[in-house]
Amino acid sequence: MNRIKSAINGIEGLIASGLAEGADRDALDAVAARYATLIPPAFRALIGRPDDAIGRQVIPHPDELSVAAHEVADPIGDDAFSPVPGIVHRYADRALLKPLLVCPLYCRFCFRREHVGPGGGVLDEAALQRALDWLAGRDTISEVILTGGDPLMLSPRRLARIVQALDAMPHITTIRIHSRVPVAAPERLTEALADAMQAEGALWLVLHANHASEFTPEAAVAIRRVQARAIPVLGQSVLLRGVNDDEATLEALLRAMVRLRIKPYYLHQLDAAPGTSRFHVPIEEGRRLLAGLRGRVTGLAWPTYVLDIPDGHGKVPIGPEYVDAAAGTVRDPAGRLHRLAPGGARLAGAHARG
Ligand SMILES: *Cc1c(COP(=O)(O)O)cnc(C)c1O
Ligand code: SF4
């Protein structure tokens, strides 16, 4: 058997392939009993060491059993905003539709880790119809975001059925698909699946990737296939300790996206899902990282750094900040302080970034 070509979905396979220690078997069995585990061939081939940027994202770790005091099963409070199964509605003009909870891989830092997994979690036809009926009756909603799980794990036929149903609703002008498939399982992104994404209205794809090496030649082909259908592709990433938490790595990730005509959209602050604290990067550090790229890296590569406020209070940008409106001052990309009003001399002051 060619290991590089096959997925790893059990602890035995992890240990046999040298990605986990035999001594950790009991702890890892306990992790796998609680959280879905799957390393697809595309990611398996990128792992050099278990603790490298790709390995950390997908290899289960004994630390996942330690739940910090602030970590909770529903960190962004989705449950309270679900009017019918499969729908999350928090903002007036847009709603999430989660047709399935299956993913092409299971990220160890996932904010929905208590819900996603290969076992079930697919809305059956009746439940899907109820969710679509709910959306059909809400004409304040103009955008539906297909997420999950990963909507590109649906069959082309089922994805087309959902896209067509949404596209036929006069008030739905935008369909957004959030997916990791183009990097995690590019072989799934066939012409048939790309055809299933076509809509009369605007359809956007938001690709989740966290490291430049995820953009393999196969991933690039999959992304092109989507772009060839006039579907804009945006990027979203999570700021993760040991994965992309230094300036050079973050810059390489964002530049890899721009090269593939992917506009970096969001850089997410990690949500406090259970057992994810080994990935935590403090907000102050995230701001410093981004500030370090400002002015040096094309504005096309600049994402909005966002926090999903715990308990369902919504997403907000979290900096870095440049203007101090009360003081009437602003920092330039190099960290120097200036007056907001033109003509003022440069102010004396710290050169600290952040
Ligand atoms: C993140 C999210 C959205 C999308 O927010 P944008 O800022 O438009 O990307 C919509 N609904 C819910 C419930 C969300 O969590
Ligand atoms: S692909 Fe998304 S939903 Fe699936 S495990 Fe990763 S972060 Fe979670």
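Treat the numbers as computed from the prediction; the structure is a model and nothing was measured. Counting starts at 1 for both ligands and their atoms, following the listed order.
Between the side chains of Thr147 and Arg112, a donor-acceptor pair is found at a separation under 3.5 Å. Side-chain polar atoms of His338 and Asp332 form a donor-acceptor pair below 3.5 angstrom. No side-chain donor-acceptor contact under 3.5 Å links Asp311 and His313.
Near Tyr266, with a cut-off below 4.0 Å to any heavy atom, the atoms of ligand 1 are 6 (P), 7 (O), 9 (O). Every atom of ligand 1 with a heavy atom of Val88 under 4.0 Å away is listed here by number and element: 13 (C). Atoms of ligand 1 found under 4.0 Å from any heavy atom of Arg94 (numbered from 1 in listed order, with element): 4 (C), 5 (O), 6 (P), 7 (O), 8 (O). The Leu96 neighbourhood of ligand 1 comprises atoms 10 (C), 11 (N), 12 (C), 13 (C), with distances under 4.0 Å to a heavy atom of that residue. Taking every heavy atom of Lys315 and a limit of under 4.0 angstrom, the matching atoms of ligand 1 come to 1 (C), 2 (C), 3 (C), 4 (C), 5 (O), 14 (C), 15 (O).
A donor-acceptor contact shorter than 3.5 Å links the side chain of Arg56 to the backbone of Arg241. Counting only distance, with no hydrogens or angles, the side chain of Asp150 and the backbone of Val181 share a donor-acceptor pair below 3.5 Å. For the pair Ser82 (side chain) and Asp79 (backbone), a donor-acceptor distance under 3.5 Å is absent.
Neither the backbone nor the side chain of Gln236 has a heavy atom within less than 4.0 Å of ligand 1. Residue contacts with ligand 2, taken as heavy atom pairs separated by less than 4.0 Å, involve Cys103 solely via side-chain atoms from C-beta onward. By the criterion of a heavy-atom distance under 4.0 Å, the side chain of His208, and not its backbone, is placed next to ligand 2. Of all the heavy atoms of Ile145, the ones lying under 4.0 Å from any atom of ligand 1 belong exclusively to the side chain. At a 4.0 Å heavy-atom cut-off, ligand 1 does not touch Glu143 at all. The residue Phe81 has no part lying near ligand 1, judged by heavy-atom distances below 4.0 Å.
Inclusion of Cys110 in the first shell of atom 8 (Fe) of ligand 2 is supported: an N, O or S atom falls under 2.8 Å.
Between Lys98 and Asp78, the closest side-chain pair of non-hydrogen atoms falls below 4.5 Å. The closest side-chain heavy-atom distance from Asn210 to Phe109 is below 4.5 Å.
Closest to atom 1 (S) of ligand 2, if we only count protein heavy atoms, is Arg180 CD, 3.7 Å. The single protein non-hydrogen atom nearest to atom 13 (C) of ligand 1 is Arg90 NH1, 3.4 Å, given as residue, atom name and distance. Of the protein's non-hydrogen atoms, the one nearest atom 6 (Fe) of ligand 2 is Cys107 SG, 2.4 Å.
On a distance-only criterion, Tyr91 and ligand 1 share no N/O pair closer than 3.5 Å. For ligand 1, the polar-atom distance check finds an N/O of Tyr265 within less than 3.5 Å of one of the ligand's N/O atoms.
Ligand 1 lies less than 4.0 angstrom from a heavy atom belonging to Arg176.
Shown here is Glu21, whose CD atom has no more than 12 heavy atoms of other residues, nucleotides or ligands within 6.0 Å.
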(message) I'd like to know whether Arg34 forms a salt bridge (charged side-chain N to carboxylate O under 4.0 Å, His left out) with Glu64, so could you lay out the CA-CA distance, the side-chain angles of the two residues, the decisive distance to 0.1 Å, and finally the verdict.
(response) CA-CA 10 Å; Arg34 180 153 179 198; Glu64 291 175 46; over 6 Å; no
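Residues Arg331 and Glu321 are not paired through a salt bridge, judged by the lack of any N-O separation under 4.0 Å between the basic side chain and the carboxylate.
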